[in-house]
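Below is one structure, written out as structure tokens; the observations come after it.
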Amino acid sequence: MLSTRYDPKSIEKKWYDYWLEKGFFTPKGKGEKFSIVIPPPNITGRIHMGHALNITLQDIVVRYKRMKGYDVLWVPGEDHAGIATQNAVEKFLLKTEGKKRSEIGREKFLEKTWEWANEYKEVIKRQIMALGASVDWTRERFTLDEGLSRAVRKVFVDLYKKGLIYKGKYIVNWCPRCKTVLSDEEVEHKEEEGKLYYVRYPIKDSDEYVIIATTRPETMLGDTAVAVHPKDERYKDLVGKIAILPLVGRELPIIADRRVDPKFGTGALKVTPAHDPTDFLIGQDHNLDVIDIMDDDAKINENGGKYAGLDRYEARKRIVEDLEREGYLVRIEDYKHSVGHCYRCDTVVEPRIMDQWFVKTKLLAERGIKAAEDGEIQFFPKRWTKVYLNWMNDIRDWCISRQLWWGHRIPVWYCEDCGHVMASEEVPERCEKCGSTNLKQDEDVLDTWFSSALWPFSTLGWPNETEDLKRYYPTDLLVTGFDIIFFWVARMIMMGYEFMGEKPFSHVYIHQLVRDKYGRKMSKSLGNGIDPLDMIDKYGADPLRFTLSMLAAQGRDIKLDERYFESYKRFANKIWNATRFVLLNLEDFEKIDLEETDLKIVDKWIFSRLEKTVKTVTDSLESYDFNIAAHAIYDFFWKEFCDWYIEAVKPRLQSGDRRAVQNVLVSVLDQSLKLLHPMMPFLTEELWQKLPTSGESITISKWPEYDERWIFESEELEFERLMQMVRGVRNVRAEVNMPQTKKVSVAVKGERLSNEVEGYLKNLGNVQSVEYVSERPKASATAFVDDRNEVYVELGGMIDISKELERLKKKLAKLQKDREMFEKKLSNEKFVENAPESVVEETKVRLNDVKDQMERLEKIIEELE
RNA sequence: GGGCGCGUAGCUCAGUGGGAGAGCGCUUCCCUCACGAGGAAGAGGCCGCAGGUUCGAGUCCUGCCGCGCCCA
């Protein structure tokens, strides 16, 4: 028998092992398929709450679909996470061995990183298991697997041959800490308080000067022009003249270019093509010299003259001092501007001109744009479509080379003899042009997102034409966060169409961002993270999952407070104990096919409520409204099944004739557990296995189908009417501070209650006797009034007439308000004309009810007065 | 500068065109034989502000105020 308390630890591992052993998560390859690939977590450490949410939501859909009878494949895996992992390993190395990566060399460093990777792959895997994710571990993939690496090489070489990958000198974002370039998306812009420096540049052979404004004065060492807007009247005469660069003495042509913003600073722009994206473009159009003044550490290089060797900020300070001393500095203003930071280490990035590899994205994006416009790929919530489209329509070429060691090495070889460049899937033996064997591979690796972009098909075996690829591509759903729509979602779509000729997935569900209870992003630096594994340890995986489901309302961030887990653990405990109660009453259980004649009002009520819950939960899961599904089953199970149904049938269970009610209990419990299973897999399996109607596993049991035959509208109304009577009696009792245990006598005016209803009233209201009367007994309080019955609680000496009057008058006032509202509506001709007939009809009925109740109440009040 | 989202009970949030809801917290009562991690009853809301559309607006539209995010 079950213990009195739900203990998650004692059930979770056991059932996960059972599911694995039975192979429930491996698709059978028959029937309609449903496939989904996991967003591979980075192998940098523990998973965080965002992962927990992501994995939970996927597992809910996956388990639901599996129970619906789909042939479900959920592919798990991990991401090598180039820059993030390399940073983590570097830190680890420095801490444990006191060594930098440059000291141990590429080969040794990669060895260490592989050790790290293998360890953390296992860590991640165990964490995903702890969450209960029903992924198919026999198909686990890693982005640096041989198979996936082959896919990467093939994609690179194909795109290269199509001319969609090229190498070129462009302005790129350089992280001086990670010592690599970053794509535009890997740069995070943050508003910062900075300074705006106004500097005087003298005009050659004159006493004139032009004042420029800059936030980064150190870059002046690389200035090769001054630019103004062509229509700027202030500077019309200056265009064509020469300015002299202070401190350096270089001659700078003064040019006109539309890209200059006349409203910024003085309207005159110092042009530094090597260190600013706009300046770079201006430089290209005007054939300006490009002077790179920084090295990889963001220190000034030999082109910086006497400032060479200084760090960029030190150089800034020195240059400003020198400018001031020599009279070139006009003024310094406070200035708020947005500064680019590395998304992995938060260091301020420097724009630099470098020779890097790029993917030409314009053409690739076209098909992906059409797909979203046509609804071939749908976003949930819908509004993310626009975010995606804005980016795709304005897409820029993707810088894919990284000066890292950890990742897919760029499959390009350079012939040392003739200079020929070769892209090749396999290591070439000789130069295809001159035959030389003197070949050298490109030192760089690819952006980590390059391999992720192939994930939906590379994990299924591509470029081999595997059975999996044929059967499970395209996938049906992708669940991910909005922060990687550009990094990942958009690129998977582009690559999917380019290499598979088909979309990678049909639906994209963008999940919530998990914040702390104050609405701040969870971060290591703030220390405000709530660790999902700690929560599993403290409350259990099922409560964690259910909490996240309850909070997963589309289009809104989740503000997480640990108290939620406590609340929903109580729900799990409630389920546990309700099941325990049912099991305690099943010694003589015998399964029967319930006929309508076996069913009482309360049975029909609970079946009808259950059926409606089945519909709500099913519909909500279909539309990814996880919170609605969770709320529906929570309310049904706790408030209707536990608080009313079970309480109402307790006497029947004590009687000799309890076969039918046992069957109802088991049936409702069975279906409820199934509805709960996607959200709370462990708990439901544990309990379901104990039911006399169980099977091999709830995991592969059949999802409840909505069936109108189990809807009983009139019984629902009848039972709800009874609930009102019971509440009325309880209310009276509470008003006079009568203990709940004390039995009361009730007088009923109007029609006779059925034996069944009278029984519930006695049982649930703790009523000892019901007598039928034609007049209200003296010294009684009114518990319930409608057009069929009035229910009085006999109080005898306990009655406080003034208190009773106060209570009834309050009730009357409420009714009066309703009455006025209904009357106002119905007296409005336009309402009667325009509103749907059913609404008008309902309003009339309700008005009549209210009027009737008021009349009766008024009469009672009159008598009391 | 462009775009997006959010302002509903003390707190955290559901609710998208027809009678204001939940959890937690609060008050009162109950050791009722599944559960005190429970049960019963209750208090608590100009649904940010101002207009508009509509027979009817928490829900749709516009503006404003406040908060947050993305992009440039």
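Throughout, protein chains are lettered first and strands after them, A, B, ... in sequence-line order, and every chain is numbered starting at 1.
On the C1' atoms, B:A41 is 25 Å away from B:U8, given to the nearest whole Å.
Checking B:A72, B:C24, B:G19 against every side-chain atom of A:Arg563, the shortest atom distance belongs to B:C24.
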Inset, instruction - Summarise how protein sits on nucleotides 33-43 of chain B as a single string, 5' to 3': B when a protein heavy atom is under 4.0 Å from the base, S for sugar-phosphate-only contact, - for no contact. - result: -BB-BSBSSSS
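Proximity of the aromatic rings of A:Tyr388 and A:Trp384 is defined here by a centroid distance below 6.0 angstrom, and this criterion is not met.
Neither side chain, A:Glu720 nor A:Gln724, offers a donor N or O lying under 3.5 Å from an acceptor on the other.
Salt-bridge check for A:Glu735 with A:Arg807: failed, with every basic side-chain N at 4.0 Å or more from each acidic carboxylate O.
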Using a cut-off of under 3.5 Å, enumerate the N/O to N/O pairs linking the protein to nucleotides 52-56 of chain B.
from: B:C55; atom 1: OP1; to: A:Asn834; atom 2: ND2; distance (Å): 3.4
from: B:C55; atom 1: O2'; to: A:Asn828; atom 2: ND2; distance (Å): 2.6

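Each of A:Phe482, A:Phe486, A:Phe487 was compared with A:Trp391 under the ring pair (Phe, Tyr, Trp, His ring centres under 6.0 Å) criterion, and only A:Phe486 meets it.
Of all nucleotides present, only B:C67 satisfies the Watson-Crick or G-U wobble test against B:G5, with each distance under 3.5 Å. With a 3.5 Å ceiling on both atom-pair distances, B:G36 lacks any Watson-Crick or G-U wobble partner.
In this structure, OG1 on A:Thr547 lies 10.5 Å from CE on A:Met535, to the nearest 0.5 angstrom.
Taken residue by residue, residues 616-634 of chain A places heavy atoms nearer than 4.0 Å to RNA chain B at A:Asn627, A:Tyr634.
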